[in-house]
Asker: 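Handing you this structure, nothing more for now.
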Amino acid sequence: MTYQALMFDIDGTLTNSLPAYTRVMRQVLKEYGLSFNEEQAQRTFPMAAEQAMADLGVDADEFDHFQARYEAVMADHFQDIQLYPGIEHLITTLPASVKLGIVTSQRRNELEAGMQPHQAMMTKMAVTIGADDTPKRKPDPLPLLTALERVHVAPENALFIGDSLSDEQTAKAANVDFGLAVWGMDPNADHQQVAHRFAHPDDIGRLFKN
């Protein structure tokens with residue numbers, strides 16, 4: 001089928017941000033007397049902040065302080081976050097009739113600051129939904145459904161592209177086809193509900209070739 005909308009996750013899908021995430025979390029968690037290894041980074045990378053804190057043993061009452069420290073430290077690492085090869089070409093060459101958007105577990109200020117260097121791509125986005133734009137977060141379907149409602153596309157006519165089990169669960173709950181960004185996925189994740197497996201961003205563009 002020809003999709004009317006493509007919605008994208010950011011981390012691990014559009015941007016290779018795991019290395020920066022790992023460095024930032026290691027520094028912030030050290031302030032809490034906690035260590036942070038590569039396995040924990042891979043596991044918590046797709047999570048919303050509250051989920052990651054609970055997983056890592058940080059008290060929920062620390063959320064505001066933890067998030068503020070994370071954002072402050074991350075601000076020094078935005079320059080380390082790069083688009084995956086082929087992403088900008090994909091986004092800027094997709095048919096104009098296809099509605100594009102972002103649905104992420106990043107908060108709005110982090111989303112805007114982190115993507116500021118990539119304005120050629122961001123101007124193509126008809127909608128962006130961050131973690132604080134809806135009352136519920138991925139893997140709840142509400143963020144994805146909200147994005148699709150704003151671009152007036154029914155779930156059955158959309159594709160959500162992400163790298164994590166959380167993204168897959170979000171798509172399933174929203175009754176939206178899921179496209180797996182293999183270039184950013186956790187190699188140990190067991191993905192089951194996948195309509196398309198994309199080895200490279202160019203593979204997404206081929207969906208729209210006659």
Asker: Distance-only, no hydrogens or angles: does the Trp183 side chain make a donor-acceptor pair with backbone N or O of Tyr84 under 3.5 Å?
Answerer: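 No.
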Asker: Check Thr44 against Ala52 and note the closest heavy-atom contact, atom names and distance.
Answerer: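 Looks like CB-CB, 4.0 Å.
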Asker: Report whether Phe78 and Met25 are members of the same hydrophobic cluster (ILVMFWY, side-chain heavy atoms less than 4.5 Å apart, transitive linking).
Answerer: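 Yes, it is one cluster - the side chains of Phe78 and Met25 are joined through contacts under 4.5 Å.
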Asker: Would you indicate whether the side-chain heavy atoms of Phe208 and Leu94 approach each other to under 4.5 Å?
Answerer: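 They are in contact (side-chain heavy atoms under 4.5 Å apart), so the answer is yes.
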Asker: Go through it in stages, so that I can follow the logic: the residues are Asn109 and Glu71, the test is side chain to side chain donor-acceptor pair (under 3.5 Å), and I'd like the CA-CA distance, side-chain angles, deciding distance and then a yes or no.
Answerer: CA-CA 9 Å; Asn109 58 347; Glu71 292 175 359; 3.1 Å; yes
Asker: Side chain to side chain contact (heavy atoms under 4.5 Å, CB included) between Leu165 and Gln169: does it pass, once the steps are laid out?
Answerer: CA-CA 6 Å; Leu165 288 171; Gln169 293 160 1; 4.2 Å; yes
Asker: State, to 0.1 Å, how close Val194 and Glu168 come at their nearest heavy-atom pair, and which atoms those are.
Answerer: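 Closest approach of Val194 to Glu168: CG2-OE1, 4.2 Å.
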Asker: Could you tell me the separation between the CG atom of Asp11 and the CG atom of Asp163, rounded to the nearest 0.5 Å?
Answerer: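 Output value for this atom pair is 8.0 Å.
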Asker: Met121 versus Met115: any side-chain heavy-atom pair under 4.5 Å?
Answerer: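 In contact.
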Asker: Find the distance between CG (Leu90) and OG1 (Thr92) and round it off to the nearest 0.5 Å.
Answerer: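 Here the interatomic distance stands at 8.0 Å.
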Asker: Looking at Arg23 and Asp80, does any basic side-chain N land under 4.0 Å from a carboxylate oxygen?
Answerer: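 Here Arg23 pairs with Asp80 in a salt bridge, since their nearest N and O are under 4.0 Å apart.
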Asker: I need the minimum non-hydrogen distance between Val127 and Ala147, along with the two atoms involved.
Answerer: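 Minimum heavy-atom contact is CG1-O, 3.9 Å.
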Asker: List the steps, then state whether side chain to side chain contact (heavy atoms under 4.5 Å, CB included) holds for Ile204 with Leu6.
Answerer: CA-CA 10 Å; Ile204 302 170; Leu6 298 181; 3.9 Å; yes
Asker: Quick one: CD on Gln192 to NZ on Lys172, what's the gap to the nearest 0.5 Å?
Answerer: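 Output value for this atom pair is 9.0 Å.
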Asker: Could you tell me whether the side chain of Asn157 and the main chain of Val153 form a donor-acceptor pair under 3.5 Å?
Answerer: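 No: the side chain of Asn157 does not pair with the backbone of Val153.
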Asker: Please check: side-chain N/O of Asp133 versus main-chain N/O of Gly130, any donor-acceptor pairing under 3.5 Å?
Answerer: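 Yes, Asp133 side chain to Gly130 backbone: donor-acceptor pair under 3.5 Å.
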Asker: Would you say that Leu56 contacts Leu29 through its side chain, given a criterion of any heavy-atom pair below 4.5 Å between the two side chains?
Answerer: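 With C-beta onward as the side chain, the pair touches.
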Asker: Test side chain to side chain donor-acceptor pair (under 3.5 Å) on Asp167 and Ser164; report intermediate values, then the result.
Answerer: CA-CA 5 Å; Asp167 293 327; Ser164 69; 3.1 Å; yes
Asker: With a 4.5 Å cut-off on side-chain heavy atoms, are Thr15 and Gln82 touching?
Answerer: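 Gln82 does not reach Thr15 side chain to side chain.
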Asker: Hey, is Asp186 close enough to Arg43 for a salt bridge, meaning N to O under 4.0 Å?
Answerer: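 Salt bridge absent between Asp186 and Arg43.
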Asker: Answer yes or no: does atom CD of Glu149 have more than 12 heavy-atom neighbours from other residues, nucleotides or ligands under 6.0 Å?
Answerer: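 No, the 6.0 Å shell around CD holds no more than 12 heavy atoms from other groups.
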Asker: Any link between Leu159 and Leu144 through a network of hydrophobic side chains (Ile, Leu, Val, Met, Phe, Trp, Tyr) touching at under 4.5 Å?
Answerer: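 Hydrophobic grouping puts Leu159 apart from Leu144.
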Asker: Regarding Tyr70 and His65, do their side chains bring together a donor and an acceptor under 3.5 Å, going by distance alone?
Answerer: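 Absent: no donor and acceptor within the cut-off.
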Asker: For the ring pair Phe66 and Tyr32, is the centre-to-centre distance below 6.0 Å?
Answerer: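 Between Tyr32 and Phe66, which both carry aromatic rings, the centre distance is below 6.0 Å.
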Asker: Within this structure, what is the OG-CD distance for the pair Ser105 and Gln51, rounded to the nearest 0.5 Å?
Answerer: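 Ser105 atom OG to Gln51 atom CD measures 6.5 Å (nearest 0.5 Å).
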Asker: Once you round to the nearest 0.5 Å, how far does CG of Leu148 lie from NE2 of His152?
Answerer: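 That separation rounds to 11.5 Å.
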Asker: Using the rule given for salt bridge (charged side-chain N to carboxylate O under 4.0 Å, His left out), can you reason through Glu31 versus Arg26, listing the C-alpha separation, both sets of side-chain angles and the distance that settles it, and then say yes or no?
Answerer: CA-CA 9 Å; Glu31 298 173 9; Arg26 188 168 287 150; over 6 Å; no
Asker: Backbone N or O of Thr128 within a donor-acceptor pair of the Arg108 side chain at under 3.5 Å?
Answerer: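 Confirmed, Arg108 side chain pairs with Thr128 backbone.
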Asker: Do you know which two heavy atoms are closest between Asp59 and Asp61, and how far apart they sit?
Answerer: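 The answer is OD1-N, 2.7 Å.
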Asker: When you compare the side chain of Thr13 with that of Ile161, does any pair of heavy atoms fall below 4.5 Å?
Answerer: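 With C-beta onward as the side chain, the pair touches.
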Asker: Can you check side chain to side chain contact (heavy atoms under 4.5 Å, CB included) on Gln67 and Glu50, steps first, answer last?
Answerer: CA-CA 9 Å; Gln67 187 67 24; Glu50 295 94 334; over 6 Å; no
Asker: Given the rule that I, L, V, M, F, W and Y join up when any side-chain heavy atoms are under 4.5 Å apart, are Leu111 and Val24 in one cluster?
Answerer: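 Different clusters.
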Asker: Please find the pair of heavy atoms, one from Glu88 and one from Ala120, that lie closest to each other, and give the distance.
Answerer: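 Result for this residue pair: OE2-CB, 3.2 Å.
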Asker: If you measure from NZ on Lys138 to CE on Met47, what distance do you get to the nearest 0.5 Å?
Answerer: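 Taking NZ in Lys138 and CE in Met47, the distance rounds to 12.5 Å.
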Asker: Got Ile10 and Phe8 here, is their nearest side-chain heavy-atom distance under 4.5 Å?
Answerer: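 Answer no - side chains too far apart.
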Asker: Please walk me through it: do Phe198 and Leu180 pass side chain to side chain contact (heavy atoms under 4.5 Å, CB included)?
Answerer: CA-CA 6 Å; Phe198 300 117; Leu180 178 61; over 6 Å; no
Asker: Do Val98 and Ile87 belong to the same hydrophobic cluster, where Ile, Leu, Val, Met, Phe, Trp and Tyr are linked whenever their side-chain heavy atoms lie under 4.5 Å apart, directly or via other members?
Answerer: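 Linked, Val98 and Ile87 end up in one cluster.
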Asker: Any non-hydrogen side-chain atom of Arg150 less than 4.5 Å from a side-chain atom of Ile129?
Answerer: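 A side-chain contact exists here, since the closest heavy-atom pair is under 4.5 Å.
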Asker: Between Arg107 and Glu112, does at least one N-O distance fall below 4.0 Å, as a salt bridge requires?
Answerer: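 Result for this pair is no, no salt bridge flagged.
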Asker: Test your reading of the model: is there a side-chain donor-acceptor pair from Gln119 to the backbone of Gln116, 3.5 Å cut-off?
Answerer: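 Yes, Gln119 side chain to Gln116 backbone: donor-acceptor pair under 3.5 Å.
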Asker: Are Leu14 and Val182 connected in a single hydrophobic cluster, I mean Ile/Leu/Val/Met/Phe/Trp/Tyr linked by side-chain heavy atoms less than 4.5 Å apart?
Answerer: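 The answer is no; the residues belong to distinct hydrophobic clusters.
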Asker: If you look at every heavy atom in Phe178 and Phe160, which pair is closest and at what distance?
Answerer: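 Scanning both residues completely, I find the closest heavy atoms to be CD1-O, 3.3 Å.
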Asker: Determine whether Ile91 and Met125 make a side-chain contact, defined as any pair of heavy atoms from C-beta on separated by less than 4.5 Å.
Answerer: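 Yes; the side chains approach each other to less than 4.5 Å.
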